[in-house]
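Position 1 is the first residue of the sequence, and the numbers go up from there.
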Amino acid sequence: MNLSDSKKKLALAGVVCGLVAACLAYFGNPANMAFCIACFVRDIAGSLGMHQAAVVQYARPEIIGLVLGSFIISVATKEYRSTAGSSPMIRFILGMIIMIGSLVFLGCPLRMIIRMSAGDLNAWVALIGFILGVSTGAFFLKKGFSLGRAHETQFASGAVMPAIMVAILILAVCTPLLKASEAGPGSVHAPLILSLVGGLIFGAFAQKSRMCFAGSIRDVVLMKNFDLLTVIGGLFVVMLVFNIATGRFILAFGTPGIIAHSEHLWNILGMYAVGFAAVLAGGCPLRQLILAGQGSSDSAVTVLGLLFGAACCHNFGLAASGTAPNPETGEIVAGAVPMAGKIACIICIVVCFVIAVTCKREKTK
């Protein structure tokens, strides 16, 4: 069941995950989004009432499926390991930083790749920042950065995040307690069953292939190992073919309706913060969800940081807006990053440097 021991298997995993994303896009997920960890976690935060942005509130089954898919496959293949204790509060902060950077850019690394495959030149610009951020994190890894060792805990401890996801699913399906958008991105989604199954498949293949967008670049920088880029490449090619075949490929900056903006500096800095924080935390947002599913309480704390960061972004006006037509005049309004979001992004980068400098591997006596 190991998909990470050859480039062919990694490419296959990327193709399968790409097909899942393509199906979700075809059957109703927002244009040029398909599958975005940051946006979907943000929607879940809204559904739980953590923020009041009415257009981005929906308990996304894809996120639930990711965690449960990872949990099920790791238990089935005896890779489940309940661990905790590696600087949890720092990981919570890093989760917040990853979310803030993502919502300044308007997407996580997964969505960046999907936007790139649809011809969004803003995403290609943001890739520069992401690579620089990951490279900065890799530099500090070589200098001895460490959040400390995680330790074995009871099975039930690692199963808390999967249990929370099951609870959210039950609340969404069986009760009217969770909020759901009636307009905007939160109201645009594929059918629930398809989204859940898609998440389960994506989660299982991501767990077996060790898919990580930050980790793939980190491995190139540190070890000249290109293996993990293969799975990303497989996903990109599938989404590129899908976008061309369905007429969704538009090579341009600032295309209305795709939830993106053309403030290049902040696209770069937003993804710089994401890449830097992801390396320090040990994985991109997708990888954090997968690790939380296979028993890591530390990654579960990072996921909670993502949720809290999403709430902060919309409660305090940090999230960028996408280029879109004015509903009253029809005039195209350029997307932008608010001043509060710019300030928050700079603070996040500074905090990453502080964490990178102050958290060192313990010297053996």
Side-chain angles (χ1 to χ4, degrees), residues 4 37-38 41 66-67 70-71 74 79-102 108-110 130-131 133-153 157-158 161 203 206-223 225 227-229 231-232 271-309 348-349 351-362:
S4 61
I37 307 304
V41 169
L66 277 177
V67 176
S70 174
F71 175 72
S74 64
E79 288 189 339
Y80 177 89
R81 221 173 130 247
S82 184
T83 60
S86 173
S87 305
M89 290 312 299
I90 292 178
R91 292 180 183 277
F92 183 85
I93 296 298
L94 290 171
M96 289 182 61
I97 291 171
I98 290 171
M99 180 58 76
I100 292 169
S102 294
C108 66
L110 172 56
F130 187 64
I131 292 173
V134 172
S135 299
T136 305
F139 170 81
F140 282 104
L141 286 178
K142 288 195 286 187
K143 292 296 182 181
F145 169 81
S146 175
L147 290 178
R149 281 187 61 188
H151 303 281
E152 292 272 357
T153 60
S157 177
M161 183 55 71
Q207 195 277 332
K208 298 309 298 180
S209 65
R210 308 322 190 236
M211 180 188 286
C212 179
F213 294 84
S216 62
I217 298 172
R218 177 205 61 209
D219 286 358
V220 172
V221 174
L222 291 179
M223 300 177 288
N225 186 323
D227 288 359
L228 282 180
L229 280 178
V231 66
I232 311 301
M271 289 310 289
Y272 179 86
V274 172
F276 194 174
V279 171
L280 299 182
C284 67
L286 170 65
R287 185 65 179 154
Q288 297 299 331
L289 286 166
I290 298 304
L291 290 172
Q294 68 181 56
S296 172
S297 294
D298 293 321
S299 288
V301 170
T302 308
V303 172
L304 294 178
L306 292 173
L307 279 165
F308 188 74
C348 285
I349 292 171
V351 172
C352 281
F353 274 102
V354 172
I355 292 172
V357 170
T358 56
C359 296
K360 295 289 186 179
R361 192 177 297 115
E362 292 184 6

Which pairs of donor and acceptor atoms, one on a side chain in residues 273-284, lie under 3.5 Å apart (sequence neighbours left out)?
none

With [X], which residues qualify under side chain to side chain donor-acceptor pair (under 3.5 Å), at least two apart?
X: Ser146; value: none
X: Ser297; value: Ser157
X: Arg91; value: Ser86

Grab the two heavy atoms, one from [X] and one from [Y], that are nearest each other, plus how far apart they are.
X: Ile355; Y: Ile93; value: CD1-CG2, 4.4 Å
X: Leu304; Y: Met161; value: CD2-CE, 4.2 Å
X: Thr153; Y: Ala84; value: CG2-CB, 3.8 Å
X: Phe92; Y: Phe308; value: CZ-CB, 3.7 Å
X: Gln207; Y: Ser74; value: NE2-CB, 4.0 Å
X: Ala150; Y: Asp298; value: CB-OD2, 3.5 Å

Listing, residues 135-144 side-chain donor-acceptor contacts under 3.5 Å, not counting sequence neighbours, or none:
unit_1: Ser135; atom_1: OG; unit_2: Ile131; atom_2: O; d: 2.8
unit_1: Thr136; atom_1: OG1; unit_2: Leu132; atom_2: O; d: 2.8
unit_1: Thr136; atom_1: OG1; unit_2: Tyr272; atom_2: OH; d: 2.8

Sequence neighbours left out, what pairs pass salt bridge (charged side-chain N to carboxylate O under 4.0 Å, His left out) with at least one residue falling in residues 144-153? Arg81-Glu152
Could you grab the distance from atom [atom1] of [X] to atom [atom2] of [Y], nearest 0.5 Å is fine?
X: Phe71; Y: Ile290; atom1: CZ; atom2: CD1; result: 13.5 Å
X: Glu79; Y: Ser70; atom1: CD; atom2: OG; result: 9.0 Å
X: Met96; Y: Cys348; atom1: CE; atom2: SG; result: 7.5 Å
X: Ile217; Y: Leu229; atom1: CD1; atom2: CG; result: 7.0 Å
X: Ile37; Y: Leu286; atom1: CD1; atom2: CG; result: 5.0 Å
X: Ile232; Y: Cys212; atom1: CD1; atom2: SG; result: 7.5 Å

Side chains of Pro285 and Leu289: closer than 4.5 Å at any heavy-atom pair? no
Would you mind reporting whether Arg218 and Met223 have side-chain heavy atoms less than 4.5 Å apart? no
Going through the checks in order, is the side chain to side chain contact (heavy atoms under 4.5 Å, CB included) test met by Val303 and Val67? CA-CA 11 Å; Val303 172; Val67 176; over 6 Å; no
Step-by-step side chain to side chain contact (heavy atoms under 4.5 Å, CB included) determination, Thr302 to Leu291: CA-CA 10 Å; Thr302 308; Leu291 290 172; over 6 Å; no
So among Asp227, Leu228, Val231, which one has a side chain to side chain contact (heavy atoms under 4.5 Å, CB included) with Ser209? Val231
